[in-house]
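To start, the structure under review is shown below, and the notes come after it.
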Protein chains: 2
Amino acid sequence: MAENDKTHVAMTAGGAYSLATLGAKDVINGAWPIVLDAIERIPDRPGSAFTFSDMGTADAGTSLEMIGDAIAAIRQRFPERDVQIVYTDQPRNDYNVIFQMLHGLTGQASYLDRFENIQVMASATSFYNRILPANTLDLGFSATAMHWLSRKPCDIPDHVHAVGATGTSLKEFQLQAAKDWEIILLHRAVELAPGGRLVLVNFGVDDEGRYLGNTGGINMFDTFDAIWRGFVKDNMISEAEYAAMTLPQYYKSVDEFCAPLEDPTSTVKQAGLSVEHCESRVVRCPFAAEFQSHGDAARFASEYIPTLRSWSEATFSAGLHKSRLDVERDEIIDNFYDTYESMVCAAPEGHGMDYVHVYLTIAKES
Amino acid sequence: MAENDKTHVAMTAGGAYSLATLGAKDVINGAWPIVLDAIERIPDRPGSAFTFSDMGTADAGTSLEMIGDAIAAIRQRFPERDVQIVYTDQPRNDYNVIFQMLHGLTGQASYLDRFENIQVMASATSFYNRILPANTLDLGFSATAMHWLSRKPCDIPDHVHAVGATGTSLKEFQLQAAKDWEIILLHRAVELAPGGRLVLVNFGVDDEGRYLGNTGGINMFDTFDAIWRGFVKDNMISEAEYAAMTLPQYYKSVDEFCAPLEDPTSTVKQAGLSVEHCESRVVRCPFAAEFQSHGDAARFASEYIPTLRSWSEATFSAGLHKSRLDVERDEIIDNFYDTYESMVCAAPEGHGMDYVHVYLTIAKES
């Protein structure tokens, strides 16, 4: 298992937002050697467009640089072929911003300025369904997206996340995650052309038991959980509300990622997929890294908490009882993140959201 | 030349908006026999997705029903093949509304509920550029979109539209339209698979000289022009502003549509395209048709003018001098459409925007 201890480049402009996307962008850019290796192994299909999908792309900003590099490598290897880039996410994602950025309407540089014969498309089909026609995908990519389950199998009674689940609820999450992973892979097995590759970079649990926000310092999910439990104790929320705050996520272990790709009796293996490369990496929290140089706890806390809020707020807010007024709901949610921010401000050491990803290259038999 | 005198179904709900889209939808639904005929002639490509593009789709509402019917016909003919639908328009179009409608988030019925193995995509690439990978398009469709030129070649000094242009300015518009048509067709020639078809339904001038808003009654474009000339005379706008109000559109004659597809020395013909079917049709203005039954001139005028405004306002407003304040600009534009509305209200007979379209099926050699 390699660990990426890459030093962050200094921020030139922008504040918390750039820093927040820098982390996710670092993860993707760090995957570049793996993507390049996949491009070099994918067989030629003369006369067909080389089709690349970016699944769960959000605003397509974090993968922009890497996809530009990928197009250059694909063009070098197959100079005669069109290259089709398909950006995918859920139906409610904002595709207009992706197109406007790529077509030069936002002032940002786009790889469309550098290359000819690139066809960019968007698909609003989730990776839990089939996105592309059969046998057309040369290289499927996804980063930091497939930890979101297709459904929450149950509420976890004693934690907000499956990383803290035990007993029956843990089992239900494990089962749901295994089923979802199988569905994701089976749809991709249909889409992939013979010899096509997937490079999937997903949140996971590494062989040392580390996962997002739990790499030796203060456990981020346990902090979430402790603050909400405190709110229950102080009668600010009910036990039922606490239970309903379960995040519909699961971080698979390396073994769980690989199981269906290695078991010769599995549907996935029988569909022709197998693991070509697997490693886990830790990418440092950019906020905690910056704090090491600026030393300002209040700044760290105020920059760091919004990124946690961005992906957790919807679940926590939905857990609050329907009868609550919006103003009351907003107050509780604000109070929650303010509490977390105060904790970081008062004792910043050990806080941070290091990323732990499992990087997989999966090949379809040719 | 067939003429479609289809009676409009009674409106069940909605007002001017539904009526406005009904016209465009009538035009597309009227093209159904031509689309079906094309589907029946397109050769099989076993193992490949049947790829259908809707170029210049706007919100994809007017073609929704026809595309559902097309999928059913394609599925019947090629039961084993995936069907890929690619919605295309300009980079600034709203693709989010298209995806949300198709994926059932708006409550509207979608063909995705009726069929399996349909892959829906969007492309924000204009039809003046290549949209799809080479040799992948089975059926390309476009309705009421390709009259917009890629650029305005010149201002027309004595009319707001090329239908009223003469001399040099007419020649420049003819040249630009011919170049643009060639570019559109050459990109499609690359995209089309051998034996693939285009069904293009475009505003044009029929063999009796009729065109949009000019089918025997009062000429809509001459009315536009007369009102603006009146504004010049009354010193409400300058001569230069009037000249700058030229709409960047051109309505080709049947001969102009067919010329590059019939001339054996043309690049388009050499790229393998030829005309398989050509007809022009008049589809009655839904507002004028409704007026015949309700007889309320004020209602007709108030429902009819907004649809003219929807596609002409941007050009007219851009023609006004940059130094004008927004409030002044809005006042002039409101005044213009109010004047038109008053004219219709005072003497409604003969007003209306009948559609005149040229329907073309173009085949690529197989």
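Proteins get letters first, then strands, A, B, ... in listed order; numbering begins at 1 in each.
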Subject >> Shortest non-hydrogen contact from A:Asp94 toward B:Asn96 >> reply: OD1-ND2, 2.8 Å
Subject >> All side-chain hydrogen bond (donor to acceptor under 3.5 Å, both in side chains) counterparts of A:Ser142, not counting sequence neighbours >> reply: none
Original post:
Applying a criterion of heavy atom separation less than 4.5 Å, what residues of residues 62-83 of chain B form contacts with chain A?
Top reply: B:Asp82
Original post:
Is the number of heavy atoms from other residues, nucleotides or ligands under 6.0 Å of A:Gln90 CD greater than 12?
Top reply: no
**OP:** Apply the ring-ring contact (aromatic ring centres under 6.0 Å, His included) test between B:Tyr95 and each candidate in A:Tyr95, A:Tyr87, A:Phe99; give the one that qualifies.
**Re:** A:Phe99
Original post:
If you check every heavy atom in residues 187-195 of chain A against those of chain B, which residues fall under 4.5 Å?
Top reply: none
**OP:** Check whether more than 12 heavy atoms from other residues, nucleotides or ligands sit under 6.0 Å from atom CZ of B:Arg114, and answer yes or no.
**Re:** yes
Subject >> Those residues of residues 116-141 of chain B, ordered by number, that approach chain A below 4.5 Å (heavy atom to heavy atom) >> reply: B:Asn117, B:Gln119, B:Val120, B:Met121, B:Ala122, B:Ser123, B:Ala124, B:Thr125, B:Arg130, B:Ile131, B:Leu132, B:Pro133, B:Ala134
